[in-house]
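Each chain gets a letter, A, B and so on, in the order its sequence line appears, and its residues count up from 1.
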Amino acid sequence: MSTKNIEELEKEFQAKIDADIKIEPNDWMPEAYRKTLMRQISQHAHSEIVGMLPEGNWITRAPSLKRKAVLLAKVQDEAGHGLYLYSAAETLGLDRESSIDDLHSGKAKYSSIFNYPTLSWADMGTIGWLVDGAAIMNQVPLCRCSYGPYARAMVRVCKEESFHQRQGFEIVSLLANGTPEQKQMVQDSLNRFWWPSLMMFGPNDDNSPNSAQSVKWKIKRMSNDELRQQFIDVTVPQAEMVGLTIPDKDLKWNEATGHYDFGAINWEEFNQVIQGNGPCNKDRIDARRNAKENGAWVREAANAFAEKRKKKELTH
Amino acid sequence: MTTQEAFYNYIVRLGDDSLILGQRISEWCGHGPILEEDIALTNIALDLIGQTTNLFELAVQIEGKGKDVDQLAFLRLEKEYTNLLLVEQPNVDFGYTIVRQFFFDVFRKLTFEALCQSSDEKLAAIAEKSLKEIKYHLKHSSEWVIRLGDGTEESHTRVQAAVNTLWKFTNELFYQDEVDQKVIELGLGVDTSLFKEAWQLHVEKVFTEATLTIPANTWQHEGGRKGTHTEHLGYLLSEMQYMQRAYQNMEW
């Protein structure tokens, strides 16, 4: 086997990417590519797991048996997404345990949206409609991501997310057409979740340091601002359809660009939430940490039991 | 008590058991000891809520007053819920949750196996469908009882404590009154006394493997079937009923 120098390897690697050939776990890849993916996939996995909490908050108070069942199924799907994303990260050499420790220590990030509280039942609709809607915008391009295991995980995730999005919009639309109390509940929910949903796409392109390289590697296939604009263009007519008002006085259709113009995003708030100062950052991480600590004895017992069984099998 | 009333009450009891246990289990969602268990517990909660829905649909048909399942599920007074005391007990920790589930699963499996022969076709169909889920639940809870019982010293102590606390609610599983007599006579419901021994044997078998013991004090509590509950149910209901009570007569 001939030894190739790094430069040649990188050239071959980029050629594969340019030819849309998927990179698989055992293929050579630049360290920076591996690191970027590990960061992105584990962040995504953490977002699924932390994302269980704001919705889990309403399972015990769901207003009907049907809604309770649907919400349980949805949160269960999110746990499933977390599982296969952690598995995708493991193919890059990042084990689940240390990844989770990074989440708990604050080293690893997750989507800032989950640091906002769920204050009413309408939030279960809004989250499905806006948050899952935004997630789909982000994730559909990732089904064509250059890294095989991530792209394949995304295909499955996106199918379920689009189901969640429809369910969310169904709740929103039902409430928007409901009693005055219900209308007020859902409008209030939209008011609270609109701007944080726009922030889900990340900083503006000129403030997004990792974007250019990620686009070149086809880890990212559309820029933050492009995705955000696409989300707004799709969502505004949906709000109009059910008679809800988007809380942005600068929002208006621009004939010339064929897009909606929208108001300034409060990036100071975004940065504060990312840095841990959002309304629920501490609650979310505490909940995850408590789950881990309170479950330590269970995991130890399962391991000890498995060891005992192994020994038993060996002596028989 | 007419046959119709007895059968209605009988179905509501079966549905209340899964409703209240499903509500309890769903409190775990997002807080499980490992991600796989989060998924498993959520799945069990989902199955139990599904069983409740099917049973309540049948109940409101039998009653014939045009109620919907959510009125039955969410808008009764505490004393009108007729679930077993066992299922309303708090989660405490994963050990309690598993032991509670295990006692219930063994009982539910025996009950629903027998209900597959109910003279009411709809109930028999619900039983058959639910049985597949219940068998999985029982496998899951049995495996964990064994793992925790025969795991570490700490897990053994914890799960034995759960057994000691929850044992006093197990006799009520076999509670029978005029409701049961009526439905048994007509072949609609099942005579649980016929499988009380099977229940005990099953529990003992799993406990032997788990190195757990049945407590010596056998004083037993009952009251759930008549609407006399433990203090825990009121809190569970105030949370569960919140939306339906605060926003009345609305579609969700």
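Across B:Q23, B:E154, B:Q244, the residue that shares the most heavy-atom pairs under 4.5 angstrom with chain A is B:Q23. Contacts with chain A were tallied for B:V69, B:D38, B:N43; B:N43 has the most, counting heavy-atom pairs under 4.5 Å. Taking B:I98, B:I146, B:D70 one by one and counting their heavy-atom pairs under 4.5 Å with chain A, the maximum is reached by B:D70. With chain A as the partner, the residue from B:H156, B:E27, B:Q241, B:E36 showing the most heavy-atom pairs under 4.5 Å is B:E36. Between chain B and the residues A:A69, A:G82, A:G51, A:G56, the largest count of heavy-atom pairs under 4.5 Å involves A:A69. Top candidate by heavy-atom pairs under 4.5 Å with chain B, chosen from A:E55, A:E307, A:Q76, A:R96, is A:Q76. In terms of heavy-atom pairs under 4.5 angstrom with chain B, the leader among A:K308, A:E300, A:E181, A:M52 is A:K308. Between chain B and the options A:M185, A:K292, A:Q182, heavy-atom pairs under 4.5 Å are most frequent for A:Q182.
Only the side chain of B:A73 comes within less than 4.5 Å of a heavy atom of chain A; its backbone N, CA, C and O stay farther away. Looking at A:L53, the atoms closer than 4.5 Å to chain B (heavy atoms on both sides) all sit in the side chain, from C-beta outward. In this structure, no portion of A:L71 lies under 4.5 Å from any heavy atom of chain B. When heavy atoms are compared at a cutoff of 4.5 Å, A:A62 approaches chain B solely by way of its backbone atoms N, CA, C and O. When heavy atoms are compared at a cutoff of 4.5 Å, A:S64 approaches chain B by way of both its backbone and its side chain. Heavy atoms closer than 4.5 Å to chain B are found in the side chain of A:R67, but not in its backbone. Using a 4.5 Å cut-off between heavy atoms, A:L83 contacts chain B through both its backbone and its side chain. Of the two parts of A:I49, only the side chain, counted from C-beta on, holds a non-hydrogen atom closer than 4.5 Å to a non-hydrogen atom of chain B. Of the two parts of B:R158, only the side chain, counted from C-beta on, holds a non-hydrogen atom closer than 4.5 Å to a non-hydrogen atom of chain A.
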Q. Between A:Y147 and A:T91, does a side-chain hydrogen bond (donor to acceptor under 3.5 Å, both in side chains) hold up when you go through it step by step?
A. CA-CA 10 Å; A:Y147 188 58; A:T91 65; 2.7 Å; yes

Q. Can you list the steps and then say if A:V172 with A:Q238 is a side-chain contact (heavy atoms from CB on, under 4.5 Å)?
A. CA-CA 10 Å; A:V172 166; A:Q238 293 171 344; over 6 Å; no

Q. After noting the C-alpha distance and the side-chain angles of B:F94 and B:W144, does the key distance pass the ring-ring contact (aromatic ring centres under 6.0 Å, His included) rule?
A. CA-CA 10 Å; B:F94 188 71; B:W144 272 110; 5.1 Å; yes

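Annotation: residues 10-20 of chain B contacts chain A through B:L19 [non-hydrogen atoms, separation under 4.5 Å].
Looking at every heavy atom in both residues, A:S189 comes nearest to A:D123 through OG-OD1, 2.5 Å. The two residues B:H137 and B:D47 make their nearest non-hydrogen contact at NE2-OD2, 2.7 Å.
Considering B:F169, B:Y96, B:W167 in turn, B:W167 is the only one that fulfils the ring-ring contact (aromatic ring centres under 6.0 Å, His included) rule with B:F103.
With a 4.5 Å cut-off on side-chain heavy atoms, A:F114 and A:E48 do not count as touching. Under the 4.5 Å side-chain criterion, counting only non-hydrogen atoms from C-beta, B:M250 is in contact with B:W252. In this structure, B:R147 and A:V298 have side chains that are not in contact, with every pair of non-hydrogen atoms separated by 4.5 Å or more. Using a 4.5 Å heavy-atom threshold, the side chains of A:Y110 and A:R284 count as touching. By the 4.5 Å heavy-atom criterion applied to side chains, B:T152 and A:F305 are not counted as neighbours. At least one side-chain heavy atom of A:R39 sits under 4.5 Å from a side-chain heavy atom of A:Q43.
A:R289 contributes atom CZ, which lies 10.5 Å from atom CG of A:D101 (distance to the nearest 0.5 angstrom).
Residues A:Y86 and A:H46 bring their aromatic ring centres within 6.0 Å.
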